[in-house]
Visitor: 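Please see the structure below; I have some questions.
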Amino acid sequence: MPSPGVPISYREVAVRRVLGQTRLVKIRVRFAPSPTGFLHIGGARTALFNWLYARHTGGTFILRIEDTDAARNSQEAVNVILNGLRWLGLDWDEGPMSGDPAGPSKGDCGPYFQSQRQDNYRRRVEGLLSKGLAYEQEGAVKFKMDRAPIVIPDLVVGDVRRELTDREQVEPDFVIVRSDGQPVFHLVNVVDDLEMGITHVIRGEDHLSNTAKHIALFRALGAEPPRYAHIPLILNIDGTKMSKRDKGASLSTYMDEGYVPAALVNYLCLLGWSPKNNREKMPLAEVVEAFDLPQILRHNARFDLTKLIWLNGEYIRELGDDRCYELSTAALARAGLDVGKYSTDYVKAALETCKGKFKLFGELPAYAGFYFKDEIEFDPEAAQKDFTAENKPRVVKLREALARLEPFEADPIGATLKAVAQELGVKAGVLVHPTRLACCGNTAGPSLYHLLAILGKERAMQRIDRALAQIP
RNA sequence: GACCCUAUCGUCUAGCGGUUAGGACACCGCCCUUUCACGGCGGUUGCACGGGUUCGAGUCCCGUUAGGGUCGCCA
């Protein structure tokens with residue numbers, strides 16, 4: 001028994017639930033992406049909801065790769081999925097351990113690549129054929145679909161009575177094996193869910209209409225369909241659907257732009273689900289505890305990058321020093337700033353002055369880049385405003401005072417600046433602005449006193465002199 | 001074209017017949033302050049429309065409109 005205050009694992013939380021609820025069937029859910037070369041943000045949320053439900057119930061989260069379309073499959077494409085899920089922290093209990101379809105996997109219901117399950121599909125199709133529930137036509141195999149409406153009992157949407165569309169009335173049966181021998185999605189999806197013992201199918205609402213076909217297939221296979229939960233889709237901020245081309249549609253965008261995984265996960269939790277207690281930023285363990293299917297919203301949600309960025313800032317503020325250092329230097333390196341030239345102590349001290357000041361690691365190069373450049377550029381607009389003839393003698397006076405200062409540390413620097421300002425009969429800001437611009441190149445930045453100290457007297461003087469030289 | 005889902009501030013949402021319609025992001029003020037950010041205080045903004053049901057409707061029913069999804073030898 002862990003002592004109070006010591007975090008317990010999700011698994012423990014889940015086990016406790018099960019013991020408390022005496023569940024007879026262990027819940028099994030799956031995320032079944034197709035390796036297309038990128039992981040859609042909506043897919044990431046589907047994976048998250050499945051994972052949450054598994055962890056909440058003490059069930060099993062399965063990863064299955066739907067690589068039936070050999071033409072656009074590759075190990076790299078599978079790795080995009082695996083790495084994306086790992087980055088999000090969504091660990092799977094069963095599924096592949098690498099992008100290699102023939103490689104090792106964990107779990108007793110493998111293979112977890114559809115390309116490795118051809119025999120299973122063939123057997124099932126033969127069964128349907130022999131029972132007269134499917135038939136051959138022009139080399140393809142078609143399934144005899146029910147003509148009557150099918151009721152889909154959905155945990156999120158409620159009972160949905162699905163009638164045939166006009167086209168389906170003309171031809172209700174659909175292909176389950178192509179004439180080239182390849183089984184199609186509806187068939188493989190159902191067979192795998194059946195053979196892997198999936199109890200709950202949690203997937204995007206775009207599959208709701210297709211579910212009638214899946215239910216019919218399950219029945220034809222002599223099995224009870226799983227429980228369904230169709231979750232609403234994620235739309236662009238303008239309400240249009242998110243296509244592959246929309247920026248922000250791919251998980252890799254967030255991985256590359258310096259988001260904190262936990263922040264994105266937190267944000268995703270809040271799209272289409274609500275803890276209903278006005279909580280926004282919440283630890284994953286709390287979400288796991290509260291998450292359940294019936295509370296999932298029924299309407300689509302728009303992806304609000306602004307709010308994600310806010311949340312990301314909240315998470316950055318709480319990041320440990322090491323992790324912060326790691327993400328910071330990675331962001332600086334991406335921007336082409338060579339941090340390696342500087343001592344670790346210097347970099348750490350520099351980054352310390354930026355802590356809590358930005359919401360995205362992508363902002364860091366612009367915010368703190370001046371620490372890692374030999375020569376900086378001055379913001380032209382700010383230079384116009386602050387590098388004035390009137391300010392020149394003031395800055396000169398400050399420069400002289402700072403040049404004499406020893407030790408060159410934040411507190412005495414601040415005291416010196418204030419003293420000079422008082423002597424000149426101006427507010428501190430009058431000196432701060434041009435000096436900041438001279439040393440950072442920007443009007444915004446870390447505490448001037450601290451950044452001067454970190455830059456060191458010599459470099460600070462150089463920068464001030466260079467700025468002074470620009471003033472007429 | 002047919003079928004299905006959906007509809008509360010700009011956005012994410014709370015609300016499950018009686019509320020001054022609450023919170024968060026964003027936005028606008030003020031305070032704090034060496035800039036920015038944070039923080040604090042305050043503010044603007046919403047029940048798509050039309051019919052019902054009811055003493056009473058954001059909440060229930062129907063319709064309209066709008067948005068999204070599906071109807072493939074794609075997944």
Side-chain angles (χ1 to χ4, degrees), chain A residues 32-36 66-69 71-72 114 137-142 149 152 154 156-158 160-172 174-186 188-189 204-213 230 232-233 235 237-241 267 270-281 297-311 313-314 317 354-359 363 367 382 386 410 413-414 417-418 421 427-433 435-437 440 442-452:
Chain A
S34 179
T36 56
E66 305 220 330
D67 59 342
T68 49
D69 189 357
R72 59 182 189 194
Q114 289 186 333
Q137 186 181 79
E138 294 175 27
V141 179
K142 294 179 86 171
I152 304 160
D154 191 281
V156 172
V157 186
V160 176
R161 184 186 156 94
R162 167 71 154 80
E163 298 196 36
L164 296 181
T165 67
D166 53 356
R167 287 176 209 210
E168 288 167 336
Q169 289 195 6
V170 174
E171 172 55 325
F174 58 94
V175 171
I176 52 175
V177 181
R178 298 191 289 217
S179 47
D180 66 1
Q182 282 298 310
V184 307
F185 165 74
H186 298 301
V188 299
N189 192 265
E205 197 206 78
D206 50 338
H207 286 293
L208 183 54
S209 290
N210 287 151
T211 305
K213 291 178 179 172
H230 287 92
L233 270 20
L235 272 26
I237 192 68
D238 63 0
T240 57
K241 64 171 170 177
Y267 179 70
L270 266 20
L271 282 187
W273 176 83
S274 165
K276 299 190 188 297
N277 57 184
N278 286 341
R279 294 275 282 159
E280 303 285 341
K281 177 175 184 294
L297 277 302
R298 285 170 291 278
H299 57 267
N300 295 341
R302 303 180 188 204
F303 196 93
D304 185 359
L305 190 63
T306 309
K307 185 158 181 176
L308 200 213
I309 290 173
W310 164 74
L311 249 187
E314 295 293 304
R317 206 159 285 126
C354 304
K355 208 167 183 186
K357 302 273 203 162
F358 56 95
K359 296 180 174 141
E363 299 171 23
Y367 191 83
D386 292 322
I413 288 172
L417 185 140
K418 281 169 190 161
K427 287 189 195 170
V430 173
L431 293 176
V432 168
H433 295 295
T435 310
R436 171 186 303 285
L437 184 60
C440 301
N442 292 320
T443 54
S447 156
L448 177 66
Y449 311 148
H450 291 82
L451 77 85
L452 284 174

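Order of the sequence lines sets the chain letters (A, B, ...), proteins ahead of strands, with each chain counted from 1.
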Visitor: Anything under 3.5 Å between a protein N or O and an N or O of nucleotides 58-63 of chain B, put it in a table, one pair a line.
Guide:
none

Visitor: In Watson-Crick or G-U wobble terms, both distances under 3.5 Å, what is the partner of B:rC47?
Guide: none
Visitor: So what does A:L437 touch, heavy atoms closer than 4.0 Å: a base, only the sugar-phosphate, or nothing?
Guide: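 Nothing: the residue A:L437, judged by heavy atoms under 4.0 Å, touches no strand.
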Visitor: Test your reading of the model: is there a side-chain donor-acceptor pair from A:Y267 to the backbone of A:F303, 3.5 Å cut-off?
Guide: no
Visitor: Between B:rU13, B:rG68, B:rA24, which one does the side chain of A:K241 approach most closely?
Guide: B:rG68
Visitor: What integer number of Å spans the C1' atoms of B:rA14 and B:rC47?
Guide: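 That atom pair is separated by 13 Å.
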Visitor: How far does the P atom of B:rU20 sit from the matching atom of B:rG58, given to the nearest Å?
Guide: 13 Å
Visitor: Nucleotides 1-8 of chain B: which of its N/O atoms have a protein N/O under 3.5 Å away?
Guide:
{"residue": "B:rG1", "atom": "O2'", "partner": "A:D166", "partner atom": "OD2", "Å": "3.1"}
{"residue": "B:rG1", "atom": "N2", "partner": "A:D166", "partner atom": "OD1", "Å": "2.6"}
{"residue": "B:rG1", "atom": "N2", "partner": "A:R167", "partner atom": "NE", "Å": "3.3"}
{"residue": "B:rG1", "atom": "N3", "partner": "A:D166", "partner atom": "OD2", "Å": "3.3"}
{"residue": "B:rA2", "atom": "O4'", "partner": "A:D166", "partner atom": "OD2", "Å": "3.1"}
{"residue": "B:rA2", "atom": "O2'", "partner": "A:D166", "partner atom": "N", "Å": "3.0"}
{"residue": "B:rC3", "atom": "O2'", "partner": "A:E163", "partner atom": "O", "Å": "3.2"}
{"residue": "B:rC5", "atom": "O2'", "partner": "A:E205", "partner atom": "OE2", "Å": "3.0"}

Visitor: Tabulated below should be each protein N or O lying under 3.5 Å from an N or O of nucleotides 20-22 of chain B; please produce it.
Guide:
{"residue": "B:rG22", "atom": "N2", "partner": "A:N278", "partner atom": "OD1", "Å": "3.0"}

Visitor: Nearest to the side chain of A:V175, heavy atoms from C-beta on, is which of B:rA75, B:rC73, B:rG23?
Guide: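 When the side chain of A:V175 is considered, B:rC73 is the closest of B:rA75, B:rC73, B:rG23.
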Visitor: Among residues at least two apart in sequence or on other chains, which ones pass side-chain contact (heavy atoms from CB on, under 4.5 Å) with A:H450?
Guide: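 Expected list: A:T353, A:A410, A:S447.
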Visitor: Within the structure shown, what part of the strands sits under 4.0 Å from A:S274 by heavy-atom distance: base, sugar-phosphate, or nothing?
Guide: sugar-phosphate
Visitor: What integer number of Å spans the P atoms of B:rU13 and B:rU6?
Guide: 15 Å
Visitor: Shortest non-hydrogen contact from A:L417 to A:V432?
Guide: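 Closest pair (atom of A:L417, atom of A:V432, distance): CD2-CG2, 3.8 Å.
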Visitor: Within the 4.0 Å heavy-atom criterion, would you say A:G272 contacts the bases, only the backbone, or no part of the nucleic acid?
Guide: sugar-phosphate
Visitor: Just to confirm, is there a sub-4.0 Å distance from OP1 or OP2 of B:rC74 to any side-chain nitrogen or oxygen of A:R178?
Guide: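 Looking at the OP1 and OP2 atoms of B:rC74, one of them is under 4.0 Å from a side-chain N or O of A:R178.
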Visitor: Indicate the atoms forming the closest heavy-atom contact of A:P172 with A:L164, along with that distance.
Guide: CB-CD1, 4.2 Å
Visitor: With rounding to the closest Å, how many angstrom separate the P atoms on B:rC49 and B:rU54?
Guide: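 To the nearest whole Å, 23 Å.
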Visitor: Holding to salt bridge (charged side-chain N to carboxylate O under 4.0 Å, His left out), I want the full list of residues that pass it with A:K418, two or more places apart in sequence or in another chain.
Guide: none
Visitor: Please report the closest heavy-atom contact between A:T68 and A:V188, naming both atoms and the distance.
Guide: CG2-CG2, 4.1 Å
Visitor: For B:rG1, give the paired nucleotide (Watson-Crick: N1-N3 plus N6-O4 or O6-N4; G-U: N1-O2 and O6-N3; both under 3.5 Å), or none.
Guide: B:rC71
Visitor: Please determine whether a side-chain nitrogen or oxygen atom of A:T306 lies at a distance below 4.0 Å from atom OP1 or OP2 of B:rA26.
Guide: no
Visitor: With both distances kept under 3.5 Å, what pairs with B:rC25, Watson-Crick or G-U wobble?
Guide: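 When the pairing criteria are applied, B:rG10 turns out to be the nucleotide that pairs with B:rC25.
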Visitor: Assign each of A:H207 and A:K418 to its nearest nucleotide of RNA chain B by heavy atoms, then name whichever residue's nucleotide is nearer the 5' end.
Guide: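 Checking each residue's closest nucleotide, the 5'-ward one belongs to A:K418.
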Visitor: Confirm from the modelled atom types if A:K281 and B:rA24 form a donor-acceptor pair under 3.5 Å, side chain to base only.
Guide: no
Visitor: With the side chain of A:S34 defined as its heavy atoms from C-beta on, choose the nearest nucleotide among B:rU35, B:rA75, B:rU13.
Guide: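 Of the options given, the side chain of A:S34 lies nearest B:rA75.
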Visitor: Could you grab the distance from atom NZ of A:K142 to atom CD of A:Q137, nearest 0.5 Å is fine?
Guide: 4.0 Å
Visitor: For A:V157 and A:L208, work out which heavy atoms get closest and say how close.
Guide: CG2-CD2, 4.5 Å
Visitor: Could you check whether A:L448 gets within reach of a base, just the sugar-phosphate, or nothing at all, counting any heavy atom under 4.0 Å?
Guide: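 Base contact - A:L448 has a heavy atom under 4.0 Å of at least one base atom.
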Visitor: Looking at every heavy atom in both A:P446 and A:Y367, which two are closest together, and how far apart are they?
Guide: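 Between these two residues, the closest heavy atoms are N-OH, 3.4 Å.
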Visitor: Do we see a donor-acceptor contact under 3.5 Å between the side chains of A:H433 and A:D386?
Guide: no
Visitor: So what does A:H230 touch, heavy atoms closer than 4.0 Å: a base, only the sugar-phosphate, or nothing?
Guide: nothing
Visitor: In the structure I gave you, are the side-chain heavy atoms of A:N300 and A:K241 within less than 4.5 Å of one another anywhere?
Guide: no
Visitor: Mind telling me whether A:H186 and A:F174 have parallel, tilted or perpendicular rings, with 30° and 60° as the class edges?
Guide: perpendicular
Visitor: Students often get this wrong, so: under 4.0 angstrom with heavy atoms, is A:A140 touching a base, only sugar-phosphate, or nothing?
Guide: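 Base contact.
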Visitor: What nucleic acid atoms does A:E168 come within less than 4.0 Å of, heavy atoms only: base, sugar-phosphate, or nothing?
Guide: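 Counting heavy atoms under 4.0 Å across all strands, the contact made by A:E168 is with sugar-phosphate only.
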Visitor: For the CZ atom on A:R298, are there more than 12 heavy atoms of other groups (residues, nucleotides or ligands in this structure) within a distance under 6.0 Å?
Guide: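 Check fails, neighbour count at 12 or below.
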Visitor: Taking only N/O atoms, report every protein-nucleotides 36-38 of chain B pair under 3.5 Å with atom names and distance.
Guide:
{"residue": "B:rC36", "atom": "O2", "partner": "A:K357", "partner atom": "NZ", "Å": "3.4"}
{"residue": "B:rC36", "atom": "O2", "partner": "A:Y367", "partner atom": "OH", "Å": "3.1"}
{"residue": "B:rC36", "atom": "N3", "partner": "A:K357", "partner atom": "NZ", "Å": "2.4"}
{"residue": "B:rC36", "atom": "N4", "partner": "A:K357", "partner atom": "NZ", "Å": "3.2"}
{"residue": "B:rA37", "atom": "O2'", "partner": "A:G356", "partner atom": "O", "Å": "3.3"}

